[in-house]
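These numbers come from a predicted model, not from an experiment. The chain is numbered in sequence order, starting from 1.
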Amino acid sequence: MSPIELTASRARQSIVSHATLVLSDRDRAVFFDTLINPRGQNDRLKAAFAEHARRVKR
């Protein structure tokens with residue numbers, strides 16, 4: 001394997017290892033339940049969106 005091929009292979013391995021999210025069974029259940037049954041916005045989330053809109057002008 002050439003040095004370039006080796007470097008590319010190791011780079012791919014690094015990307016995969018950092019892009020993988022490992023969840024416990026409980027975390028996985030909460031994650032998918034939230035996707036399927038999303039809750040409405042609470043006051044803290046609404047405030048965060050308002051603060052973001054105030055700070056970020058498009």
Other residues, nucleotides, ligands: >12 heavy atoms within 6.0 Å of L6 CG: yes
Closest non-hydrogen atom pair between D25 and R28, with its separation: OD1-NH1, 2.7 Å
Residue pair Q13, S9: steps toward the side-chain contact (heavy atoms from CB on, under 4.5 Å) verdict: CA-CA 6 Å; Q13 290 171 352; S9 174; 3.9 Å; yes
Interatomic spacing from CD1 in I36 to CZ in F31 - rounded to 0.5 Å: 10.0 Å
N42, CG atom: more than 12 neighbouring heavy atoms under 6.0 Å: yes
Backbone of S14 reached by a side-chain donor or acceptor of S17 within 3.5 Å: yes
